[in-house]
Amino acid sequence: MLVPLISAFIGILISLFSWLFYQKKINFLPSNLSSFGNKNKLFLLGLNLISLGLLFGLIGYFFNFGVLFRTLRVGLLIVGLFSLKKSLQQNIDNFPNLPLFIKKIIRITNTQILQIFAGIIVSFLFLKSIVAVDWTGGDSWMYQLPFAARFWGLVSPEQYIFEAEREPFYNTTTMLPNILQGFFWYLLGKNRPQGANLLSFFSLIGYFIFIKYYLKIPYYLSVIAILAVPLIHIASTASYVDLFTNIGFSIVLIITYLLFIKEDFINYKNISMFILGGFIAGNSKYLLVPPLALVMAFVFARILWLIFYRFNPTNRLKNIAILLITTAVANVIMFLTSIKNIIVYQNPFYPLKISIFGYELNHIIVPSGDYMSDKIEAMSPLQRWLFSLLEIGAFDERRPWHWTIAMDYVPLDADTFGMGGYFAFYVVFNVVLFAWLCRQKNPETRIALWLVIIMSLVTPFLPFAYQLRYYMYWIMVLITLNLYLLIQQYEITKNRWLKPQNYAYIAMAVMMIFTTLTRWDYTYPNTMSLEKFMIDRVDQDVITMLEEKKEACLVGFTPLTFLYNSAFHEGKNYSVKAEFNLSKEEVEEKCGDRPIIYK
């Protein structure tokens, strides 16, 4: 109550000051300053917007208007401050006696403001990554962190045994991100699992460096534009592997784009970058293996065309031989996990059930169909994907935030589960801008248009495409192409509407709305240690029972069963097996001889 009252009081003082300033009734001010206030309407507007923003704090407190009203307040304060800065900047010569540091603040350019904002956001996210465990992500604790911990010996197989369905995934699936997560965790120490978050953060920084090098996109632009997407922003400090995977595939697509617009683009460095991106995408998640194979086909065809129609014909046979050898090596590296599974299990996606032309490949797990409500299942794949992009029916009052990393916190069969996550306005803005930029007829826009069309035709028909976190490459590549084309066209036309800074301000506004609606929980680096995280999530009575029994099967503790392993509880020594809350017969079969403890 005290803060809103003080805020309102300051707002009233500012409003009163602005009125007296305008009326020239403040006698103690110098004449040049007094006349400035009377003539400069922008300055007065800025003061009154700030005053309103401060006053609305008290109104919002009494009437409990919620986060949308809070967003309005933040918007008023930001616009007010920009109005003050603009007016003072235009009239800086009228105040020769201002201290030098104040003049420097007033003279900060728009680009510098955006650079400072981008730096603050990146700093916040980095600090959040290393001081807070992934306390909002269920999948992180269900299998991402357990996989990472076992690989690096942070938690032994005796201390924690996966669910019966999870064990084959650890042994056969794409574990590259979990291995890297475990590396960062290992460096920080067993009791700091937040180290695993650094994989997502550093991979995103790597993508910013990549597009700066290849597309000359300034860091502040890429940071603000890409982190304005809620799912990417949230994932940048989480232990989910989707961001890392999609960054790999985005690199593949951007390299492919450049290959199609530049005939002299083929060299060892660019081929290596393409293979690196493919290695990340192909060995992190099965979902991106099919589209990666499609991209490989396009790249092979493009290089073959260049060999026949652009390169020196006297070297044709040599170039074809190099292409075939390089393609074979690249395929082995990029599809390493799938190739291994074909050799060992006769199924590239083992242990999942896969049918090819009606023939079922070797498998032990049938993917669950519980992740789609009847309403969503009744839609066509394209309709589901479009509804999710536009966030139609995506929000649910049961969620603690408007957006979550998996658009979850609702039952798996809820109509809202998995829907949305890109911020609908931002999606529409980027699509419209891209269409407008593609009016220019040149190789850059023509190939970019074809790339986005193909992405948009393929993506909706991939498994669970409406759950946008699985295929974040679509929005990442769209934003990247927009920035690249926008910068190019502005350099040619110098049209003030095409200033890349204008795009950044829109993205910044979107990000501010997102962070405000989510109470800055995904951005501000509040500390969340493992010990603090476990206080309300681990039942000490269960720990006592585990210590007495020495080994047990915990049923129904998902997704936090991993927190009960003895490695996290100093002085304890027991063995935990996790299992889902299934039928009594299934639980008894999967738990074996172990005593069963139900949640």
Side-chain angles (χ1 to χ4, degrees), residues 119-160 162 166 170 174-209 223 227 232-245 247-248 280 283-284 405 520-538 543 559-573 576 578:
I120 291 172
I121 293 299
V122 169
S123 299
F124 276 8
L125 294 177
F126 172 68
L127 290 173
K128 181 176 175 59
S129 296
I130 60 175
V131 302
V133 299
D134 186 0
W135 60 279
T136 63
D139 285 3
S140 297
W141 295 97
M142 194 187 308
Y143 57 93
Q144 306 292 7
L145 290 172
F147 284 4
R150 179 184 286 190
F151 185 88
W152 285 88
L154 294 163
V155 176
S156 71
E158 292 76 28
Q159 290 172 312
Y160 185 78
F162 305 135
R166 198 75 63 193
Y170 175 81
T174 50
M175 279 190 57
L176 173 64
N178 300 130
I179 293 171
L180 296 174
Q181 285 177 334
F183 170 72
F184 288 114
W185 183 357
Y186 180 82
L187 289 180
L188 268 64
K190 181 180 66 178
N191 291 322
R192 296 184 62 82
Q194 52 265 51
N197 303 337
L198 291 173
L199 177 66
S200 294
F201 177 80
F202 284 139
S203 64
L204 187 58
I205 297 300
Y207 185 71
F208 296 148
I209 295 171
V223 166
L227 284 173
I232 296 176
H233 194 115
I234 297 169
S236 66
T237 61
S239 295
Y240 278 53
V241 304
D242 303 284
L243 181 59
F244 175 73
T245 308
I247 283 171
I280 292 171
N283 294 281
S284 295
I405 193 167
W520 287 79
D521 284 346
Y522 296 122
T523 311
Y524 190 76
N526 283 320
T527 302
M528 176 64 77
S529 65
L530 178 62
E531 294 77 15
K532 183 178 178 182
F533 179 67
M534 291 195 299
I535 287 175
D536 297 325
R537 294 170 175 85
V538 173
I543 297 293
L560 300 177
T561 319
F562 186 54
L563 295 176
Y564 286 86
N565 81 81
S566 59
F568 290 163
H569 301 275
E570 191 174 352
K572 307 294 184 183
N573 184 23
V576 170

Inset, instruction - Please lay out, stage by stage, how V241 and Q181 fare under the test side chain to side chain contact (heavy atoms under 4.5 Å, CB included). - result: CA-CA 9 Å; V241 304; Q181 285 177 334; 3.9 Å; yes
Legend entry - Distance, nearest 0.5 Å, that separates CZ of F184 from CG of L198: 6.0 Å
Inset, instruction - Check whether any side-chain heavy atom of N178 lies under 4.5 Å from a side-chain heavy atom of Y143, and answer yes or no. - result: no
Legend entry - Enclosure of E531 CD (heavy-atom neighbours >12, cutoff 6.0 Å): yes
Inset, instruction - Decide yes or no for I405 and D242: does some side-chain heavy atom of the first lie under 4.5 Å from some side-chain heavy atom of the second? - result: no
Legend entry - Polar side-chain atom of Y522 near backbone of H233 as donor-acceptor pair, under 3.5 Å: no
Legend entry - Test side chain to side chain contact (heavy atoms under 4.5 Å, CB included) applied to I247 and I280, step by step: CA-CA 8 Å; I247 283 171; I280 292 171; 5.9 Å; no
Legend entry - W141 (side chain) donor-acceptor with T561 (main chain) under 3.5 angstrom: no
Inset, instruction - Taking S200 for its side chain and A238 for its backbone only, find out whether a donor-acceptor pair lies under 3.5 Å. - result: yes
Legend entry - Flag, side chain of K128 to backbone of D521, donor-acceptor distance under 3.5 Å: yes
Inset, instruction - Without swapping roles, check the side chain of D134 against the backbone of S239 for a donor-acceptor pair under 3.5 Å. - result: yes
Inset, instruction - Would you give the length of the straight line joining atom CG of L243 to atom CD1 of I234, rounded to the nearest 0.5 angstrom? - result: 11.5 Å
Legend entry - Pairwise side-chain contact, F183 with F151, heavy-atom cut-off 4.5 Å (strictly under): no
Inset, instruction - Check for a donor-acceptor pair, side chain of N191 on one end and backbone N or O of L530 on the other, with a separation under 3.5 Å. - result: no
Legend entry - Under 3.5 Å donor-acceptor, R192 side chain and I130 backbone: yes
Legend entry - F202, CZ atom: more than 12 neighbouring heavy atoms under 6.0 Å: yes
Inset, instruction - Indicate, with yes or no, if the rings of F162 and F147 have centres closer together than 6.0 Å. - result: yes
Inset, instruction - Measure up the F201 and F126 rings against each other and bin them: parallel (under 30°), tilted (30 to 60°), perpendicular (over 60°). - result: tilted
Inset, instruction - For L204 and L125, run side chain to side chain contact (heavy atoms under 4.5 Å, CB included): C-alpha distance rounded to whole Å, both residues' side-chain angles, the deciding distance at 0.1 Å, then the answer. - result: CA-CA 11 Å; L204 187 58; L125 294 177; 5.8 Å; no
Inset, instruction - Over 60° means perpendicular and under 30° means parallel, so classify the ring planes of F124 and W520, tilted if in between. - result: perpendicular
Inset, instruction - Check whether any side-chain heavy atom of Y240 lies under 4.5 Å from a side-chain heavy atom of Q144, and answer yes or no. - result: no
Inset, instruction - Mind telling me whether F562 and W185 have parallel, tilted or perpendicular rings, with 30° and 60° as the class edges? - result: perpendicular
Inset, instruction - Walk me through it: do I543 and F568 pass the test side chain to side chain contact (heavy atoms under 4.5 Å, CB included)? - result: CA-CA 11 Å; I543 297 293; F568 290 163; over 6 Å; no
Inset, instruction - Report yes if the side chains of Q194 and M528 come closer than 4.5 Å at any heavy-atom pair, otherwise no. - result: no
